[in-house]
Amino acid sequence: MINYILLAIFIALQCGDFYTTYTIIKTGKGHEANPFVAKCIDELGLEVGLGFVKVFAIGITAFLLLPYWYALAALDILYIWVVWNNYKVLKG
């Protein structure tokens with residue numbers, strides 16, 4: 001059961017990362033720092049490129065990592081940090 005809760009948190013954090021990254025780029029307060037994600041945005045556009053990466057990340061995580069609660073917990077911690085930093089950029 002904990003694995004599904006951690007996956008749900010991961011999905012919520014992906015949504016938070018999408019929103020904050022989208023807003024940062026749209027408002028000109030920053031750019032995408034991840035080269036892979038930046039390439040997807042350049043090739044597909046902001047909404048589609050960023051959405052593609054988020055859906056891909058959720059799918060891969062659910063498929064490969066669902067049995068491993070500790071990996072899901074680590075990803076949640078990582079994305080808490082990512083979303084928090086994005087939030088600071090937006091408020092800064």
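In what follows, every heavy atom counts, from backbone to side chain, and hydrogens, waters and symmetry copies are set aside.
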From [atom1] ([X]) to [atom2] ([Y]), nearest 0.5 Å:
X     : Y     : atom1 : atom2 : answer
Lys39 : Asn34 : NZ    : CG    : 13.5 Å
Tyr70 : Leu65 : OH    : CG    : 9.0 Å
Leu90 : Thr27 : CG    : OG1   : 6.0 Å

ask   = Distance-only, no hydrogens or angles: does the Thr20 side chain make a donor-acceptor pair with backbone N or O of Asp17 under 3.5 Å?
value =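 Indeed, once roles are kept as given, a pair shorter than 3.5 Å links the two residues.
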Over all atoms of both residues, closest heavy-atom pair of [X] and [Y]:
X     : Y     : answer
Trp69 : Leu6  : O-CD1, 3.4 Å
Phe10 : Ile58 : CE2-CA, 4.0 Å
Val48 : Leu44 : CB-O, 3.6 Å
Glu32 : Ala38 : CG-N, 3.6 Å

Can you confirm whether [X] sits close enough to [Y] that some side-chain heavy atom of one is under 4.5 Å from a side-chain heavy atom of the other?
X     : Y     : value
Tyr4  : Leu66 : yes
Ile25 : Ile41 : yes
Asn86 : Tyr19 : no

Do [X] and [Y] belong to the same hydrophobic cluster, where Ile, Leu, Val, Met, Phe, Trp and Tyr are linked whenever their side-chain heavy atoms lie under 4.5 Å apart, directly or via other members?
X     : Y     : value
Leu50 : Leu75 : no
Ile11 : Val55 : no
Phe36 : Ile24 : no
Ile5  : Leu7  : yes
Leu13 : Leu64 : yes

ask   = Hey, is CZ on Phe18 packed in by over 12 heavy atoms from elsewhere, all under 6.0 Å?
value =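 More than 12 within 6.0 Å, yes.
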Lys29 atom NZ, neighbour heavy-atom count above 12 within 6.0 Å =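 Check passes, neighbour count above 12.
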key: Pair Tyr79-Ile9, side-chain contact (heavy atoms from CB on, under 4.5 Å): steps then yes or no   = CA-CA 10 Å; Tyr79 273 94; Ile9 292 168; over 6 Å; no
